[in-house]
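The basis for the numbers below is simple: all heavy atoms, side chains too, and nothing from hydrogens, waters or symmetry mates.
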Amino acid sequence: MIAVELRPADYDQGKFTYDFGDTGHLTPLVKMHTLGSTFVPPGIHAGGLRYHGMAPLVSHVIDLDWLSQ
């Protein structure tokens with residue numbers, strides 16, 4: 001038996017925009033690469049992506065093209 005994990009969604013599939021930091025929409029809007037605060041991974045998804053957005057500081061560095069994904 002070989003254990004495998006589905007590849008999580010790439011953040012670059014999303015947008016660099018303002019989004020809520022939580023799924024309850026209680027936090028202030030934060031500019032980040034995001035798949036959307038309503039994003040839900042497939043039910044069979046066992047690992048990897050647990051959050052819909054990338055850290056704002058990392059998002060900013062990537063947007064400035066100082067770091068490639």
Side-chain angles (χ1 to χ4, degrees):
M1 179 183 291
I2 299 174
V4 297
E5 180 179 341
L6 298 175
R7 184 175 183 269
D10 289 329
Y11 288 110
D12 61 2
Q13 292 174 350
K15 297 185 266 183
F16 183 56
T17 187
Y18 287 94
D19 196 7
F20 291 99
D22 66 339
T23 56
H25 299 164
L26 300 173
T27 60
L29 292 173
V30 179
K31 194 163 188 183
M32 61 181 159
H33 284 94
T34 179
L35 297 172
S37 58
T38 59
F39 173 80
V40 177
I44 192 141
H45 185 70
L49 184 66
R50 297 272 189 246
Y51 184 63
H52 65 273
M54 185 183 293
L57 184 58
V58 175
S59 293
H60 183 65
V61 168
I62 289 174
D63 188 54
L64 294 174
D65 204 26
W66 291 353
L67 180 69
S68 62
Q69 286 182 303

Next on the checklist: Just so I know, are the side chains of Phe20 and Leu29 near enough to count as touching, which here means a heavy-atom distance under 4.5 Å?
Outcome noted: yes
Item to check | Met32 to Gly21 - nearest heavy-atom pair and separation | outcome: CE-CA, 4.3 Å
Checklist outcome for this item: Applied to residues 19-28, the side-chain hydrogen bond (donor to acceptor under 3.5 Å, both in side chains) test, sequence neighbours excluded, yields Asp19-Thr34, Asp19-Ser37, Asp22-Thr27, His25-Ser37
Checklist entry - Should Leu64 and Val58 be counted in the same cluster of Ile, Leu, Val, Met, Phe, Trp and Tyr side chains packed under 4.5 Å apart? => result yes
Item to check | Val30 reachable from Leu26 in the ILVMFWY side-chain graph, under 4.5 Å edges | outcome: no
Next on the checklist: So Thr17 and Lys31, do their side chains get closer than 4.5 Å, heavy atoms only?
Outcome noted: no
Checklist entry - Is there a chain of hydrophobic side chains (I, L, V, M, F, W, Y, each step under 4.5 Å between heavy atoms) that links Leu57 to Phe16? => result no
Checklist entry - Once you round to the nearest 0.5 Å, how far does CE of Met54 lie from CD1 of Ile62? => result 4.0 Å
